[in-house]
S.K.: 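My structure is below; once you've seen it, I'll send some questions.
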Amino acid sequence: MSSQALTSPREDFSEWYNEIVYRADLAAASPVRGCVIIKPYGYELWEGIKGALDRRFKATGHQNAYFPLLIPMSFLQREAEHVEGFSPELAVVTIGGGKELEEPYVIRPTSETIIGDAFKKWIQSYRDLPLLMNQWANVVRWEMRTRPFLRTMEFLWQEGHTAHATHDEAEAETMQMLDVYADVAINEAAIPVIKGLKSNKERFAGALRTFSIEGMMGDKKALQCGTSHNLGQNFAKAFEIQFVDENNQRQFCWTTSWGMSTRMVGAVVMAHGDEKGLRLPPRLAPYQVVIVPIFKTDDDRGVVMENVERLKRELVAHDIRVHVDTRDYQPGFKFNDWEMRGVPVRLELGPRDVANNAVVAARRDKPGKEGKRVLTQDNISASIRDLLIEIQANMLQQATEFRDANIFDVKSYDELKGVVEQGGFARGWWAGTDDEELAIKAEIGATHRCYPLDQPGGTGTCFYTGRPAERVAIFAKAY
RNA sequence: CGGGGCAUAGCGCAGCUGGUAGCGCGCGCCGUUUGGGACGGCGAGGUCGUCGGUUCAAAUCCGGCUGCCCCGACCA
């Protein structure tokens with residue numbers, strides 16, 4: 001907590017982001033390069049996301065399990081594309097108990113291989129399918145450059161792994177989990193993500209098809225917020241995950257995997273934050289309401305605190321997450337501090353309010369006086385509940401309007417360059433090759449984000465090659 | 001791995017024409033304050049990243065090492 005002003009996001013978005021992470025108390029620097037300490041406030045935010053996901057996983061029939069952190073090196077090598085994709089960023093354990101290991105272990109960068117090996121043993125018959133599993137875990141990827149939450153060498157995530165009897169079932173699972181991610185992003189995090197199919201170049205190493213949800217951050221860059229992969233039979237063949245079908249025929253399974261990580265915390269910061277700090281969607285906020293008591297004399301203190309405690313009890317009884325700020329700071333300091341930390345609703349309660357059976361409510365999604373109003377204390381939990389719902393909806397609306405105002409349809413490469421230069425998503429008909437996609441990336445730094453699932457229909461002319469195109473794609477600078 | 005920086009109090013920095021360390025914020029105590037980032041007084045806190053060299057004397061000059069940050073190529 002500092003009394004200095006926050007760097008403006010318009011001035012230096014990157015610096016603004018780093019300052020918020022630090023000053024909103026989400027994370028702290030660690031002694032290990034590229035790793036951060038997730039502090040309690042940041043971890044609670046992650047727990048909110050985690051809970052929202054976990055409920056949905058269970059509602060769709062998945063069970064949680066836990067697999068080892070260490071994976072035999074040879075497992076990674078079983079799937080050619082997979083090992084090629086992950087080799088550069090593996091951390092490898094070569095010594096254990098003071099002795100060089102016969103076979104090195106890699107610290108999991110993802111768990112398709114070790115879970116594939118288990119699935120091989122667990123699946124024999126079509127009666128064992130589908131096998132629907134998820135694990136909450138940490139993974140390590142030796143990244144060159146890191147940023148808190150967005151890319152760290154160790155991060156927390158969930159990885160779902162499923163096995164099915166047919167391609168279509170696997171595809172349906174892949175899409176179902178993509179929908180779960182979009183549901184969480186949109187309705188919990190208030191980030192209006194776009195569902196889409198990844199290009200060949202952006203596809204997960206070893207997958208048949210990769211789908212993602214892409215969010216637009218406050219600087220108009222894209223952030224991949226979750227991915228869902230149809231792995232086809234690639235891993236099933238590499239790990240011999242087979243079953244006997246109704247006709248007593250041996251077949252390879254069709255598998256999927258899907259993941260969402262602590263990167264989502266960074267997404268919430270970058271999608272909603274403003275010049276005063278973090279803005280948290282009520283559904284994920286560790287504290288939905290903070291009460292700031294205000295008093296001068298000891299007499300006032302007693303009266304005010306009694307009222308504050310009564311309000312708190314009532315809100316808690318209605319499942320509203322409340323925090324009372326009793327720290328020995330002046331109110332103005334606390335207002336700024338909680339705005340930095342993004343609490344959706346602040347209640348200010350002083351002697352005047354006690355006398356009037358009132359409380360001043362300030363909403364974080366609207367700045368200054370515009371967001372402040374006096375509420376009666378009668379029926380306070382109902383008022384607050386409605387207010388939280390309204391804030392959640394308003395934040396989604398604001399983010400959606402921002403996104404839609406910054407997606408541009410392009411018909412030529414020059415137009416795309418213009419969009420990328422001024423910031424935003426460029427959407428256009430695309431029929432380029434992998435190499436042509438890479439050429440665009442090399443020249444202007446924009447990448448193929450996805451082919452949105454929501455397509456205009458019909459066909460068009462590729463903005464880059466002039467060839468006939470069957471799909472539109474989104475290009476943008478990305479994190 | 002290529003390019004550029006930086007390492008001094010919890011954080012941010014100054015000191016670098018050599019003489020044994022200081023500022024702001026933060027922290028502790030006391031008092032006055034408290035409806036939009038309060039103020040005064042007192043106080044605690046540092047083997048100056050590390051190893052070596054020069055010197056009567058090194059945070060300061062020289063060399064090696066290590067770590068971190070920023071910009072690129074790779075990525076949830």
Side-chain angles (χ1 to χ4, degrees), chain A residues 1-6 12 14-15 18-19 22-23 28-35 84-90 108-111 137-159 181 198 201-205 210 212-215 222-229 257-267 276-277 292-298 300-301 304 325-340 346-354 358-360 362 367-369 371-372 374 438 441-442 445 447 478-479:
Chain A
M1 276 167 304
S2 156
S3 55
Q4 296 298 307
L6 183 67
D12 185 345
S14 184
E15 178 59 24
N18 288 334
E19 282 181 22
Y22 194 59
R23 288 168 61 174
S30 86
V32 181
R33 183 187 81 83
C35 296
E84 189 189 329
F86 280 103
S87 284
E89 52 187 49
L90 291 181
R108 64 179 162 224
T110 180
S111 303
N138 57 338
V139 290
V140 168
R141 299 179 186 179
W142 215 261
E143 300 290 351
M144 297 299 174
R145 289 196 55 206
T146 60
R147 303 194 60 192
F149 295 112
L150 301 178
R151 187 176 309 105
T152 45
M153 296 216 312
E154 177 184 8
F155 57 92
L156 306 182
W157 76 345
Q158 57 67 217
E159 46 180 324
Y181 288 153
K198 284 297 198 180
K201 296 307 293 179
E202 301 277 334
R203 199 182 57 211
F204 177 74
T210 288
S212 76
I213 52 172
E214 301 284 328
L223 182 72
Q224 181 171 303
C225 295
T227 49
S228 187
H229 316 290
S257 69
W258 25 276
M260 186 179 266
S261 73
T262 38
R263 168 179 275 189
M264 201 61 196
V265 174
K276 301 225 70 172
V292 178
I294 298 165
F295 45 79
K296 287 190 172 77
T297 65
D298 277 352
D300 283 347
R301 179 200 181 91
V304 168
D325 187 353
T326 56
R327 293 177 300 173
D328 187 21
Y329 291 119
Q330 290 190 282
F333 177 90
K334 295 182 184 179
F335 297 168
N336 283 284
D337 190 39
W338 291 110
E339 279 164 5
M340 176 68 70
R346 180 180 71 244
L347 296 180
E348 307 169 12
L349 187 66
R352 279 208 306 261
D353 307 297
V354 176
V359 62
V360 175
K369 280 211 167 125
K372 263 199 190 189
V374 180
L438 284 179
K441 182 178 180 181
T447 50
Y479 280 95

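Residue numbers start from 1 in every chain, and the chains themselves are labelled A, B, ... in the order their sequence lines are given, proteins ahead of strands.
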S.K.: Within the stacking criterion (centroid distance below 5.5 Å, interplanar angle below 30°), does A:Phe333 stack on B:rA38?
M.R.: no

S.K.: A:Asp12: which residues meet the side-chain hydrogen bond (donor to acceptor under 3.5 Å, both in side chains) condition with it, sequence neighbours left out?
M.R.: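 Result, side-chain hydrogen bond (donor to acceptor under 3.5 Å, both in side chains) vs A:Asp12: none returned.
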
S.K.: Of all residues at least two apart in sequence or in a different chain, which pass the side-chain hydrogen bond (donor to acceptor under 3.5 Å, both in side chains) check with A:Ser14?
M.R.: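 side-chain hydrogen bond (donor to acceptor under 3.5 Å, both in side chains) list for A:Ser14, sorted by chain: A:Arg147.
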
S.K.: Is the shortest heavy-atom distance from the side chain of A:Arg346 to the side chain of A:Val360 under 4.5 Å?
M.R.: no

S.K.: Which whole number of Å gives the distance between the P atom of B:rC62 and that of B:rG72?
M.R.: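 It comes out at 32 Å once rounded to the nearest Å.
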
S.K.: Pairs counted only when both distances fall under 3.5 Å, Watson-Crick or G-U: show me the 5' to 3' dot-bracket for RNA chain B, [ ] for pseudoknotted crossings and | for other-strand partners.
M.R.: (((((((..((((.....[..)))).((((((.....)))))).....(((((..]....))))))))))))....

S.K.: Could you please name the option among B:rG36, B:rA76, B:rU34 that lies closest to any side-chain atom of A:Gln224?
M.R.: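 Within the option list, the nearest is B:rA76.
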
S.K.: With sequence neighbours left out, write down each residue that passes salt bridge (charged side-chain N to carboxylate O under 4.0 Å, His left out) with A:Glu19, or none if nothing qualifies.
M.R.: A:Arg23

S.K.: If you go through the side-chain atoms of A:Asp353, does one of them form a donor-acceptor pair with the base of B:rG35 closer than 3.5 Å?
M.R.: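 Check passes, donor-acceptor contact within cut-off.
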
S.K.: Could I get the full list of side-chain hydrogen bond (donor to acceptor under 3.5 Å, both in side chains) partners for A:Gln158, not counting sequence neighbours?
M.R.: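 A:Gln158: side-chain hydrogen bond (donor to acceptor under 3.5 Å, both in side chains) contacts with A:Asn134, A:Tyr181.
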
S.K.: Roughly how far apart, to the nearest Å, are B:rG67 and B:rC30 at atom C1'?
M.R.: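 Straight-line distance between the two C1' atoms is 43 Å.
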
S.K.: Hey, does the side-chain of A:Lys372 have a donor or acceptor N/O within less than 3.5 Å of a partner on the base of B:rG35?
M.R.: no

S.K.: Of A:Ala442 and A:Pro331, whose nearest nucleotide on RNA chain B comes first from the 5' end?
M.R.: A:Pro331

S.K.: What integer number of Å spans the C1' atoms of B:rA59 and B:rC16?
M.R.: 8 Å

S.K.: Could you list the residues that satisfy side-chain contact (heavy atoms from CB on, under 4.5 Å) with A:Ser212, not counting sequence neighbours?
M.R.: A:Lys198, A:Glu214, A:Gln224, A:Thr227

S.K.: Please state the C1' separation for the pair B:rC11 and B:rC1 - nearest whole angstrom.
M.R.: 32 Å

S.K.: Could you state the atom-to-atom distance from CD of A:Glu15 to P of B:rG12 in whole Å?
M.R.: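 These atoms are roughly 12 Å apart.
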
S.K.: Mind calculating the distance between NZ (A:Lys198) and C1' (B:rA76) to the nearest angstrom?
M.R.: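 Rounded to whole Å, this separation is 10 Å.
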
S.K.: Of the listed nucleotides (B:rC75, B:rC74, B:rG36), which one gets closest to any side-chain atom of A:Met144?
M.R.: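 The nucleotide sitting nearest to the side chain is B:rC74.
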
S.K.: Kindly point out which of B:rG37, B:rA76, B:rG35 is positioned nearest to the side chain of A:Asn336?
M.R.: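 Of B:rG37, B:rA76, B:rG35, B:rG37 is nearest to the side chain of A:Asn336.
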
S.K.: Under 3.5 Å, is there an N or O donor on one side and an acceptor on the other linking the side chain of A:Glu339 and the base of B:rG36?
M.R.: yes

S.K.: Just jot down the side-chain hydrogen bond (donor to acceptor under 3.5 Å, both in side chains) partners of A:Thr210, sequence neighbours excluded, or say none.
M.R.: A:His229

S.K.: State which residues pass side-chain contact (heavy atoms from CB on, under 4.5 Å) with A:Arg33; sequence neighbours excluded, sorted by chain then number.
M.R.: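 A:Arg33 satisfies side-chain contact (heavy atoms from CB on, under 4.5 Å) with A:Trp142, A:Met153 once adjacent residues are dropped.
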
S.K.: Can you pull every protein N or O that's under 3.5 Å from an N or O on nucleotides 66-70 of chain B?
M.R.:
unit_1	atom_1	unit_2	atom_2	d
B:rC68	OP1	A:Arg33	N	3.3

S.K.: Determine the interatomic distance between C1' on B:rG18 and the same-named atom on B:rC61; round to the nearest Å.
M.R.: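 My reading of the C1' atoms in B:rG18 and B:rC61 gives 8 Å.
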
S.K.: Between B:rG36, B:rA38, B:rC11, which one does the side chain of A:Gln330 approach most closely?
M.R.: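 Selected nucleotide (nearest to the side chain): B:rA38.
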
S.K.: For nucleotides 27-29 of chain B, tabulate all protein N/O to nucleotide N/O atom pairs closer than 3.5 Å, reporting atom names and distance.
M.R.:
unit_1	atom_1	unit_2	atom_2	d
B:rC27	OP1	A:Tyr329	OH	3.2

S.K.: So which nucleotide from B:rG36, B:rG35, B:rC74 ends up closest to the side chain of A:Arg346?
M.R.: B:rG36

S.K.: Which value, in whole Å, describes the distance between the C1' atoms of nucleotides B:rA44 and B:rU34?
M.R.: 27 Å

S.K.: Could you give the distance separating B:rU50 and B:rU60 at their P atoms, to the nearest angstrom?
M.R.: 11 Å

S.K.: Suppose we screen for salt bridge (charged side-chain N to carboxylate O under 4.0 Å, His left out). Which residues come up paired with A:Glu202, at least two apart in sequence or across chains?
M.R.: none

S.K.: Checking A:Lys441 now: which residues fulfil salt bridge (charged side-chain N to carboxylate O under 4.0 Å, His left out) with it, not counting sequence neighbours?
M.R.: none

